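Working notes, structure below.
Here the structure is a predicted model, which is why all the values come from computation and not from measurement. Read the numbers this way: they start at 1 and go in the same order the structure lists the ligands and their atoms. Heavy atoms only: backbone and side chains are in, while hydrogens, waters and symmetry mates are out. Along the sequence shown, residues carry numbers from 1.
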Amino acid sequence: MDFDLVVIGAGPGGYTAAIRAAQLGMTTAIVEKGKTLGGTCLNVGCIPSKALLSSTELFYEAQKQFAVHGISAEGLSMDVAKMMKRKDGVVRRMARGVDFLMDKNGIERMTGTGRIAGPDEVEVTGDAGRQRLKAKRILIATGSRVAGLPFLEFDGETVLSSDDAVALGQAPESMAVIGGGAIGLELGSVWARLGTAVTVVEFLPRIAATFDDDITQALQKLLQRQGLKFHLGSGVESAERTEGGVKLTAAKGDEKLVLEAEKVLVAVGRKPNTEGLGAAEAGVELDERGCIKTGAEWQTSVPGIYAIGDVVAGPMLAHKAEQEAIAAVERMAGKPSSVNYDVIPSVIYTAPELAAAGLTEAEAKANGNEIAVGTFPFQANGRAVAGGHADGLAKVIADKAAGRVLGAQILSANASELIAEAVLLMELGGNAEDLARTIHAHPTMSEGLREAAHAAIGEPLHT
Ligand code: NAI
């Protein structure tokens with residue numbers, strides 16, 4: 001079979017590339033070894049974790065916050081099996097949506113493991129045997145997989161990866177979480193809300209280290225209030241199995257920290273999927289971290305072979321992969337297209353949520369910018385207080401002389417949605433004053449970001 005484009009991997013990067021290619025008139029095939037399309041994000045990552053976060057947040061709110069609204073919710077209980085069934089239903093529904101989009105756009109779907117057999121050939125090995133696809137261009141979108149620790153092998157029972165932690169049959173008594181990044185904090189929150197004693201052990205002196213310190217400290221306090229415990233500056237160095245679970249030993253400065261738990265979630269990052277792909281054999285170069293090296297237009301070192309998403313350098317985020325997919329395919333079709341790597345939002349879906357885009361205050365300072373920073377606490381926002389979601393703050397970082405917004409960070413309910421305004425503003429090169437003078441509906445939480453912009457231009461209103 002002959003195609004203009006063969007995409008390997010059907011996660012958000014791969015399936016978006018296939019759709020855009022088909023729309024632009026390319027005959028397109030997509031190769032996926034999993035039973036369902038959607039990749040990590042849809043099957044075991046973003047979507048199932050958001051389903052569980054939503055269920056457990058409702059449960060937690062019913063227990064802790066309903067009473068202040070005058071609602072009595074006695075005898076509450078959580079049926080974990082039912083919650084998981086709902087999550088599986090959400091995943092199935094979204095996966096059906098991707099199937100529909102493949103069919104609608106006339107994309108040939110190949111089930112099996114794709115291997116690059118040459119610069120214009122992909123071999124697919126699956127239940128249907130072995131097939132060879134001829135391709136004018138090949139796009140690698142094979143994503144990433146969980147990284148483990150050498151002394152702590154995943155077993156899906158006691159030593160869990162994020163794939164396992166979204167599918168537990170019941171809430172364990174205790175869980176140690178190694179890594180205070182997005183996965184550790186989100187899945188730690190899920191199980192803590194269901195009564196598991198969750199302890200996060202983080203190597204760095206703070207959690208969520210890609211965000212600003214003041215914001216992560218505020219988040220840590222709020223998570224502690226929800227029952228999570230933290231050991232920071234603690235690198236887990238060894239582990240042993242015990243009858244009841246696992247015993248971890250971490251180096252905390254000069255001291256040793258010993259921690260026992262029924263389960264351990266290892267959330268120490270992800271690594272690119274290049275094994276068995278035939279990429280290296282075809283001459284595709286990797287960087288020192290094992291990511292596929294790409295140049296202009298997402299071309300690899302082999303003409304005709306492209307790569308995008310988690311398998312190339314940059315943040316391992318679905319929306320970054322999607323935008324790279326669109327831009328790479330549009331460039332193949334001769335259209336002008338690009339990715340603005342300076343403004344990629346990132347979100348941690350705790351309660352409250354933590355969202356950021358652009359530079360942090362620390363990065364802006366390190367770049368030598370003279371900056372103006374404005375913050376606004378949601379305690380002073382009418383909608384946040386009325387809704388019972390007054391924890392958190394918004395922060396705007398602007399260039400002092402030009403006023404241009406360089407970054408924004410938001411810790412609040414729905415921060416994942418609120419950050420979009422800052423992203424658009426930065427995409428358009430807007431100023432803090434533009435944001436401050438833009439009329440926002442009242443009362444809304446979006447006013448919090450506007451107030452932070454007011455503070456950044458030295459004209460704070462409601463603080
Ligand atoms: P991460 O890189 O965000 O965090 C891992 C943390 O583990 C780091 O803070 C690191 O210092 C710590 N660590 C490493 N080794 C350690 C050790 N031996 N002892 C103690 N701490 C140790 O990785 P994470 O959370 O696993 O996420 C993986 C990827 O998936 C990231 O790129 C993340 O952005 C992405 N992701 C994004 C989500 C989102 O956008 N909401 C949700 C989940 C994952």
Side-chain angles (χ1 to χ4, degrees), residues 11-13 39-54 143-152 154 159-166 176-190 199-211 213 216 219-220 229-239 246 248-253 256-259 261 264-273 289-291 309-322 344-357 410 415-417 419 423:
T40 295
C41 172
L42 204 164
N43 291 288
V44 288
C46 326
I47 301 301
S49 64
K50 289 327 80 73
L52 299 183
L53 281 159
S54 296
S144 62
R145 63 186 184 285
V146 285
L149 290 168
F151 50 82
L152 201 53
F154 292 116
V159 183
L160 311 175
S161 70
S162 52
D163 299 8
D164 309 314
V166 293
V177 176
I178 308 179
I183 293 181
L185 298 178
E186 289 183 10
L187 295 179
S189 292
V190 163
T199 306
V200 178
V201 188
E202 167 55 54
F203 172 76
L204 296 172
R206 60 202 188 85
I207 58 170
T210 54
F211 296 78
D213 202 20
T216 55
L219 174 64
Q220 188 186 332
K229 289 203 172 75
F230 292 92
H231 289 289
L232 305 181
S234 307
V236 178
E237 291 182 332
S238 64
V246 68
L248 303 175
T249 307
K252 190 173 188 175
K256 288 270 177 253
L257 169 79
V258 178
L259 190 76
V264 55
L265 166 63
V266 182
V268 298
R270 299 181 63 84
K271 52 184 179 188
N273 280 332
R289 289 180 49 245
C291 295
D310 284 11
V311 80
V312 306
M316 290 181 168
L317 296 170
H319 44 279
K320 174 256 194 188
E322 277 180 47
I344 299 176
S346 78
V347 178
I348 301 184
Y349 293 82
T350 41
E353 294 175 348
L354 181 54
I410 306 172
S416 55
E417 310 288 348
I419 198 71
V423 172

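- For Glu353 and Ser416, the side-chain atoms include at least one donor-acceptor pair closer than 3.5 Å.
- Contact of the Val266 side chain with the Val159 side chain is registered, since non-hydrogen atoms from C-beta on lie closer than 4.5 Å.
- Applying the 6.0 Å contact sphere to CZ of Phe211 captures more than 12 heavy atoms from other residues, nucleotides or ligands.
- At a threshold of 4.5 Å between non-hydrogen side-chain atoms, the residues Ile207 and Leu232 count as touching.
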Close N/O pairs between ligand 1 and protein, under 3.5 Å:
unit_1: ligand 1; atom_1: 9 (O); unit_2: Glu202; atom_2: OE1; d: 2.7
unit_1: ligand 1; atom_1: 9 (O); unit_2: Glu202; atom_2: OE2; d: 3.0
unit_1: ligand 1; atom_1: 11 (O); unit_2: Glu202; atom_2: OE2; d: 2.6
unit_1: ligand 1; atom_1: 18 (N); unit_2: Val236; atom_2: O; d: 3.1
unit_1: ligand 1; atom_1: 19 (N); unit_2: Val236; atom_2: N; d: 2.9
unit_1: ligand 1; atom_1: 21 (N); unit_2: Phe203; atom_2: N; d: 3.0
unit_1: ligand 1; atom_1: 23 (O); unit_2: Gly269; atom_2: N; d: 3.4
unit_1: ligand 1; atom_1: 25 (O); unit_2: Ala182; atom_2: N; d: 3.3
unit_1: ligand 1; atom_1: 25 (O); unit_2: Ile183; atom_2: N; d: 3.0
unit_1: ligand 1; atom_1: 26 (O); unit_2: Ala267; atom_2: O; d: 3.4
unit_1: ligand 1; atom_1: 26 (O); unit_2: Gly269; atom_2: N; d: 2.9
unit_1: ligand 1; atom_1: 40 (O); unit_2: Val347; atom_2: O; d: 3.3
unit_1: ligand 1; atom_1: 41 (N); unit_2: Glu186; atom_2: OE2; d: 2.8
unit_1: ligand 1; atom_1: 41 (N); unit_2: Val347; atom_2: O; d: 2.7

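- Side-chain contact between Leu160 and Val264 is absent, with no heavy-atom pair separated by less than 4.5 Å.
- When atom types are taken as modelled, the side chain of Glu202 and the backbone of Gly179 share no donor-acceptor pair closer than 3.5 angstrom.
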